[in-house]
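Numbers restart at 1 for each chain; the letters A, B, ... are given by sequence-line order, proteins then strands. Side-chain atoms are counted along with the backbone in the values below, which use heavy atoms only and exclude waters and symmetry mates.
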2 protein chains.
Amino acid sequence: MTLLAGRRVHALTLTELHEALSRRGVRASFSSVFRAVEHLEREGRVARVDLGDGRSRFEAAGPHHDHLRCESCGRIEALPRCPVTVDPPAPRGWYLHRHALVVSGLCPGCARG
Amino acid sequence: MTLLAGRRVHALTLTELHEALSRRGVRASFSSVFRAVEHLEREGRVARVDLGDGRSRFEAAGPHHDHLRCESCGRIEALPRCPVTVDPPAPRGWYLHRHALVVSGLCPGCARG
DNA sequence: GTCAATGCAAAGTTTTTGCATCGAT
DNA sequence: ATCGATGCAAAAACTTTGCATTGAC
């Protein structure tokens, strides 16, 4: 949980999480990590996010926020505030209750390079 | 292309596209569909979108639009207009140039059921 | 003949499951 | 003994590639 709640590290993939745990000396198989995250997700303590790179990422559940993603290095950050207008013009009949926004471009490092 | 440009059908997966083509009498292997789409994507005529359900979807390239997705039946539609404010409050240093928004909830059919 | 398009099968990724084992109560 | 947690390997789902063949020019 501490890992997933880190302020700097956002939305880790299972592999990243597994490696990060190993580095910290936590010996757990990939399956265990998978199942732990699955469990935490069901409990509502962890949220799965999909940033469009083809794999699921996980982060500590919390207040809504959107994501920034660097198209060059893959770096991920949370957007400081949500730029989606509260009243989306939904086609009639739809009942909408959530959204996921990924803004992409170049992070400071890659934009300079 | 005609299929991918349809107004009703948005963002087909490779499998859906393959099946749709078969139904229309176009006999092409899955690989061929994959490579055709890959080619069209490189040409900029087709755009890949990821709506968070774990597989890539493809649609005709065109003016920006975001997506609606029904969490119950998977139905997908384009949002009539983009509810993202033009000037996202990006952290300093980032150079942003695109976004992908998926609004989800229940489609008219599933909301009623 | 040449070169691109095609089909099939196989490999690569990532996610998920089966199953036997280990551990605490 | 029981019940959940664990590890390993295998299965699944999707995407991508290798390679031999086919087809158009």
- request: Confirm from the modelled atom types if A/R35 and D/dG7 form a donor-acceptor pair under 3.5 Å, side chain to base only.
  value: yes
Selected nucleotide, minimal atom distance to B/S32 side chain, candidates D/dT15, D/dT6, C/dT6: C/dT6
query: Roughly, in whole Å, what's the span from CZ in B/R27 to C1' in C/dC8?
result: 16 Å
Atom pair distance, as rounded to whole Å: CD in B/E38 and P in D/dC14: 19 Å
message: Between C1' on D/dC14 and CD on B/E16, what's the gap in Å once rounded to a whole number?
response: 13 Å
task: Would you kindly give the CD-to-C1' distance between A/E41 and C/dT16, to the nearest whole Å?
output: 13 Å
query: What integer distance in Å separates B/F30:CZ from D/dT15:P?
result: 6 Å
message: Quiz question: by atom type and distance under 3.5 Å, do the side chains of B/E59 and B/H67 form a donor-acceptor pair?
response: yes
- prompt: Within the modelled atom types, does a donor on one side and an acceptor on the other bring the side chain of B/S29 and the base of C/dC8 under 3.5 Å apart?
  reply: no
field: Student check: side-chain heavy atoms of A/R98 and B/E71 closer than 4.5 Å
entry: yes
message: Given the structure, check if the side chain of B/T13 and the base of D/dC14 hold any donor-acceptor pair shorter than 3.5 Å.
response: no
- prompt: How close or far is atom P of D/dA13 from atom CG of B/L14, stated in whole angstroms?
  reply: 16 Å
query: Would a 4.5 Å heavy-atom cut-off, applied to side chains only, mark B/H99 and B/D66 as touching?
result: yes
message: Does B/R48 reach a base, just sugar-phosphate, or nothing at all? Heavy atoms under 4.0 Å.
response: sugar-phosphate
task: For B/A36, answer base if it contacts any base atom (sugar-phosphate contacts may also be present), sugar-phosphate if it contacts only those atoms, and nothing otherwise; contact means non-hydrogen atoms under 4.0 Å.
output: nothing
message: Output the rounded distance in Å from CZ (B/R55) to P (C/dT15).
response: 15 Å
task: Would you kindly give the CZ-to-C1' distance between A/F34 and D/dA5, to the nearest whole Å?
output: 15 Å
task: Could you verify whether a donor N or O on one side chain and an acceptor N or O on the other, from A/R57 and A/T13, lie under 3.5 Å apart?
output: no
- prompt: Under 4.5 Å between any side-chain heavy atoms of B/E77 and B/R69, yes or no?
  reply: no
task: With heavy atoms under 4.0 Å as the rule, sort B/S56 into base, sugar-phosphate or nothing.
output: sugar-phosphate
query: Is any side-chain nitrogen or oxygen of B/S31 closer than 4.0 Å to OP1 or OP2 of C/dG7?
result: no
